[in-house]
Amino acid sequence: MMKQLFDWLEHRTGARKVVNEALYENIPGGSRWRYVWGSTLTFTLAVQFITGIFLWMGYAPSATSAWESVHYIQEQMTGGWFLRGLHHWTAQVMTVLLVLHLMQVVIDGAYKAPREVNFWFGVLLLQLVLALSLTGYLLPWDQKGYWATKVATDILGSTPLVGSYLKELVLGGADYGHHTLTRFFALHAGVLPAAVIALTAGHIYLFRRHGITAKTPLKKRDEYFWPEQVLKDAVACLAVLATVLFFVVKYHGAHLDAPADPSSNYPARPDWYFLFLFQFLKYFPGHWEVLGAVVIPGIVMTLIFLMPILGKWKLGHRFNIGLLCAVLIGAGTLTISALREDKANVTYQASVKQAANDAIVVKDLAKTRGGIPPDGALVLLQGPKLFAQHCAGCHAYGGHNGLLAALSGPQSAPDLKGFATREYLTALLDPAQFKSAKFFGGTKHANGKMAKFLEENADALAGTNKVNLAKVIKAVSAEAGIQSQRPMDTRDATEIAEGKKQFEALGCTDCHSLGKWNPEDSTAPDLTGYGSRDWMMALLHDPSHERFYGKKNDRMPAFGKDQKLSRQQLERIVDWLRGE
Amino acid sequence: MNDTPSEKSDRREFIKCASCVIGGAIGLVPMAAGVYVAMDPLRHSGDGTAKTNDGFMRLATLEDLPLGGAPMKYSIVADKADKWSRYKDMPIGAVYLQRTTEKQVVAFNTVCPHLGCFVDYRKEEKDFFCPCHNSNFSQTGALKTGVSPRGMDSLEVELRNDREVWVKFQHFKANTTEKTPVNS
């Protein structure tokens, strides 16, 4: 039955002949491990095509959706981290394999006649794969990719005469934006892979036409490609895959930095395989840069391209090997010195640490705030960033500056994590905690009326009035209308109504008002709408307003009234503090 | 050391077998990972649907709807989660509202139960008409002619505070005789 089917297929397509030609290629001197590199590269290419197409199903190229969709693939789609990890790490391993393949070809003299054209195909493929790496690096639209690519496109922009036009064409406009991503993605997933397929087909065709460059002396008798060499190739591919899987599991996929932020001081660094070029540029100041960026790499690439012609010269082969060794040793040395410099650079290390913290914060926000707003994930980070810059001089957020870094000085105003929630108010109304550094210990309110009230009534509030205080807390907290507490607020409506009555019974109305601001009787902040968006915006506008602290305001600036921050910036801080 | 012809043959068979197994396995890893991730929507079915509190939304008041008048179209606007994004007040669909008696309002999803096209109301003919496959529904939503397997999908309506029209917006499975809610 199967034979009949295969015969039918053979008659119509000639497939058996093609397969036989592929499998029964003669290998002079038999199979050898040194012939596996081309196959491992073909394998990694196939992995990239397969994983790339599946990643494509989840990727959305635009400045407000690229990072977000990659984050979704990585964190939300089951197995997405693994798929992305496979694509990322295979790309890294591919770069190493390319170098090994090139070394093998040059050392064995496989570029010599009649294989010149095939060698050129290979060099072009090397450049295409590097272009794929460069374009792919930008696609997650994270800090690392954004800043590294920015340096690369700025180098392009510095090309004499046509630089600015080229740069604008590549970016799809004067600056980075939606079209930069659509263009890079079209290059990465369309143009470059098509070119790679065409050149690889040509590369393999020419390789088959001229046969393998057998390493002499031949140690064994000739063999066919199938099955001895196929097994060696398969085992080598398995080793490649095992290496990739090791890194995928070790790093739980691939790293994703915080979303691209043009306003941040992120230290731009290319991926490791371009680090030598980055380091090289440091030795070419000012207008000499074009030498390091374009001229010298261009000369080296031209010399590599000319290897088949140079190889005809008497000492040509040795020159070629020497050139390759010099380039690899040079690149290796430059890479090591770049890594060493960065390791010793305290500012760089601090920036990397901060960027990693930003990534943790924004990922947590994307996860805990029910999704990312249409403006993109960068907006989520604005709240904590503004807090770190303008508020963390006095306040803390969960013991840090909002971005997981330590405060620059001692905390001297309340820690605002969970502000206006029931937990927050419960802790605040504990006399010991009220005066602690976590709340008002660093302010003049530590010895104010509220502190005294809590101390004097500590026994009653912890004893007979404990239940009533809990109701007051629920009532005041409900004023905030905090999203995460809404179900609880709806459920506890009766207790909240009771709490509003107890607010007066416990003596809170001696200083505060609740329900309606009463300027005549209030000497402490009005708690009507306490913790709500409007209340917080009004407080940030002017904390010295008589509705809030009046003359008792310690040091808090009038961010809105004095135009220290725009309304939109204040909203970002407030929304973040409120957990929205 | 020379192998016997039988040993040689065994070895060759083993090599062939090992090549196929390893070759298959290394190809399977990326393909399986991709297919598994591509199947992700099946593991999150129901995600991305609009969320309203109890499903009911306030759309109109009785005064907005003339008694015995033609059905009026109302857009449904709600917060929506779509994969990584969350949107506030996004249009997610539409309903036809029609006041049939003093205190009674009927609501229909504007989507055709056949294959999901938007159904128009024709004032002259006083009927609902699907422009895709020409299904025709009476003002009561009943199927008059056409290929739709059922009449238009009516929605639950509540009158709150004696005048507010609240509708429970839902989608239903297309092209079945039974009216089965989806993503609820």
Side-chain angles (χ1 to χ4, degrees), chain A residues 31 43 46-55 57-58 60 64-65 67-73 75-87 90 226-242 244-245 248 366 369-377 486 490, chain B residues 1-3 5 7-56 77-92:
Chain A
S31 63
F43 169 66
V47 173
Q48 293 306 75
F49 275 101
I50 294 168
T51 51
I53 285 171
F54 283 108
L55 283 171
M57 292 183 193
T64 51
S65 64
W67 185 91
E68 292 73 7
S69 58
V70 173
H71 175 257
Y72 188 80
I73 292 171
E75 305 290 335
Q76 301 289 321
M77 295 180 84
T78 322
W81 65 272
F82 185 80
L83 182 66
R84 183 165 173 257
L86 270 184
H87 196 72
T90 304
W226 169 258
E228 299 274 351
Q229 187 62 47
V230 171
L231 181 64
K232 286 190 172 66
D233 287 0
V235 169
C237 292
L238 184 65
V240 167
L241 184 65
V244 168
L245 290 177
V248 171
R369 309 270 158 128
I372 298 167
D375 297 348
R486 274 180 204 158
T490 313
Chain B
M1 203 169 71
N2 289 327
D3 294 338
E7 281 170 341
K8 267 186 183 170
S9 170
D10 285 352
R11 183 176 177 276
R12 200 171 162 77
E13 282 309 307
F14 170 77
I15 289 172
K16 281 182 180 177
C17 205
S19 300
C20 291
V21 169
I22 296 172
I26 58 173
L28 195 67
V29 171
M31 189 52 93
V35 170
Y36 187 74
V37 175
M39 295 293 166
D40 188 69
L42 300 179
R43 290 185 285 270
H44 292 94
S45 54
D47 280 12
T49 48
K51 304 280 189 295
T52 55
N53 288 331
D54 56 356
F56 280 90
V77 175
D79 292 351
K80 184 176 163 62
D82 181 8
K83 295 292 175 271
W84 55 87
S85 292
R86 58 176 153 94
Y87 299 100
K88 279 202 167 300
D89 303 332
M90 280 286 284
I92 56 161

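Chain naming here is simple, since letters A, B, ... match the order of the sequence lines and numbering starts at 1 in each.
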- request: Specify the closest pair of heavy atoms between B:Trp84 and A:Gly58, including all atoms of both residues, with the distance to one decimal.
  value: CZ3-O, 4.2 Å
Region of A:Thr78 in contact with chain B, defined by heavy-atom distances below 4.5 Å: both
query: Roughly how far apart are A:Tyr72 OH and B:Asp40 CG, rounded to 0.5 Å?
result: 6.0 Å
- prompt: Contact part of A:Met77 toward chain B, heavy-atom cut-off under 4.5 Å: side chain, backbone, both or neither?
  reply: both
message: For a quick test of reading the model, state the closest non-hydrogen atom pair linking A:Phe43 to B:Ile26 and the distance between them.
response: CE1-O, 3.6 Å
task: State, with a plain yes or no, whether a side-chain heavy atom of B:Ser85 is found less than 4.5 Å away from one of A:Glu68.
output: no
- request: Determine whether A:Phe49 and B:Pro30 make a side-chain contact, defined as any pair of heavy atoms from C-beta on separated by less than 4.5 Å.
  value: no
field: Atom pair CD1 (A:Ile53) and CE (B:Met31), whose distance is rounded to the nearest 0.5 Å
entry: 8.5 Å
task: Output the distance between atom CD1 (B:Ile15) and atom NZ (A:Lys232), rounded to the nearest 0.5 Å.
output: 7.0 Å
task: Below 4.5 Å from any heavy atom of chain B, which atoms of A:Gln76 appear? Answer side chain, backbone, both or neither.
output: backbone
- prompt: So, A:Glu228 and B:Arg11, do they make that salt bridge, N to O below 4.0 Å?
  reply: yes
task: Below 4.5 Å from any heavy atom of chain A, which atoms of B:Val35 appear? Answer side chain, backbone, both or neither.
output: both
field: Which portion of A:Ser69 sits near chain B, non-hydrogen atoms under 4.5 angstrom
entry: both
message: If we define contacts as heavy-atom pairs under 4.5 Å, which of A:Pro227, A:Gly376, A:Ala242 has the most with chain B?
response: A:Pro227
field: A:Leu241 vs B:Val29, side-chain contact (heavy atoms from CB on, under 4.5 Å): CA-CA, chis, key distance, verdict
entry: CA-CA 9 Å; A:Leu241 184 65; B:Val29 171; 3.8 Å; yes
